Colleague: 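Got a structure here, written out as structure tokens. Questions coming.
These figures come from a predicted structure and were not determined experimentally. Hydrogens, waters and symmetry mates play no part in the numbers below; they use all other heavy atoms, side chains included.
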Amino acid sequence: MNLLRMVLPQPVSDTWCFIATCLIFCPVALDAVTEFGGVDFARPFYDAWWRQATANGINEENFASWLRNAESYPEMFAFLVQGAYERIWEFVSGHRLPKVLGLFIISGGLPSTPCSMP
């Protein structure tokens, strides 16, 4: 913990340092559970993504050209909606939330006093 505290931008208590370390390394455990345990935390989001895409006529064959061939704004919007589902799936499958929270704790979170602009 002392090595980690040496590189932190501001003092962080040992408890918060431990929590941040656990959060940052949590994706390693989640990936192991996914690979070796067969538990896919992102599968419901993946299924929702393709359900939304299929409802609008988007499939794996026309995915790359579908937006280019869209003829109206509602069609373009449909592509953007399925893209939002895809982004949520990527966010969950990459286990980004614990990493971001851990880095947020390490960085000290929100400043306790307002920053003054020069």
Colleague: Quick check on the hydrophobic clustering: are Leu30 and Leu23 connected, directly or via other members, by side-chain heavy-atom contacts under 4.5 Å?
Modeller: no
Colleague: Step by step, work out the side-chain contact (heavy atoms from CB on, under 4.5 Å) result for Val92 and Tyr46.
Modeller: CA-CA 10 Å; Val92 173; Tyr46 182 82; over 6 Å; no
Colleague: Assess whether atom CZ of Phe25 is packed by more than 12 heavy atoms of other residues, nucleotides or ligands within 6.0 Å.
Modeller: no
Colleague: Please enumerate all residues that pass side-chain contact (heavy atoms from CB on, under 4.5 Å) together with Cys22, with sequence neighbours excluded.
Modeller: Phe18
Colleague: Can you name the residues that form a salt bridge (charged side-chain N to carboxylate O under 4.0 Å, His left out) with Arg87, not counting sequence neighbours?
Modeller: Glu90
Colleague: Please set out all donor-acceptor pairs under 3.5 angstrom arising from side-chain atoms of residues 71-82, sequence neighbours excluded.
Modeller:
| unit_1 | atom_1 | unit_2 | atom_2 | d |
| --- | --- | --- | --- | --- |
| Glu75 | OE1 | Glu71 | N | 2.7 |
| Gln82 | OE1 | Trp49 | NE1 | 2.6 |
| Gln82 | NE2 | Phe79 | O | 3.1 |

Colleague: What residues form a salt bridge (charged side-chain N to carboxylate O under 4.0 Å, His left out) with Arg43, not counting sequence neighbours?
Modeller: Asp47
Colleague: Nearest heavy-atom pair of Ala20 and Gly102: which atoms, and what distance?
Modeller: CB-O, 3.6 Å
Colleague: So, does Lys99 use its side chain to make a donor-acceptor pair with the main chain of Cys26 at under 3.5 Å?
Modeller: no
Colleague: Once rounded to the nearest 0.5 Å, what's the spacing between atom CZ of Phe41 and atom CH2 of Trp89?
Modeller: 15.5 Å
Colleague: Which atom names give the shortest non-hydrogen contact between His95 and Pro27, and what distance separates them?
Modeller: O-CG, 3.5 Å
Colleague: Test of understanding: with salt bridge (charged side-chain N to carboxylate O under 4.0 Å, His left out), list the residues that count as partners of Asp40, not counting sequence neighbours.
Modeller: none
Colleague: Could you tell me which residues satisfy side-chain contact (heavy atoms from CB on, under 4.5 Å) with Val100, sequence neighbours excluded, listed by chain and number?
Modeller: none
Colleague: Do the non-hydrogen side-chain atoms of Asn62 and Asn59 ever get within less than 4.5 Å of each other?
Modeller: yes
Colleague: Please determine whether side-chain contact (heavy atoms from CB on, under 4.5 Å) holds for the pair Leu103 and Ile24, giving the CA-CA distance in whole Å, both sets of side-chain angles, and the decisive distance to 0.1 Å.
Modeller: CA-CA 7 Å; Leu103 292 172; Ile24 290 172; 4.0 Å; yes
Colleague: Rounded to the nearest 0.5 Å, what separation is found between the CZ atom of Phe36 and the CG atom of Asp31?
Modeller: 10.0 Å
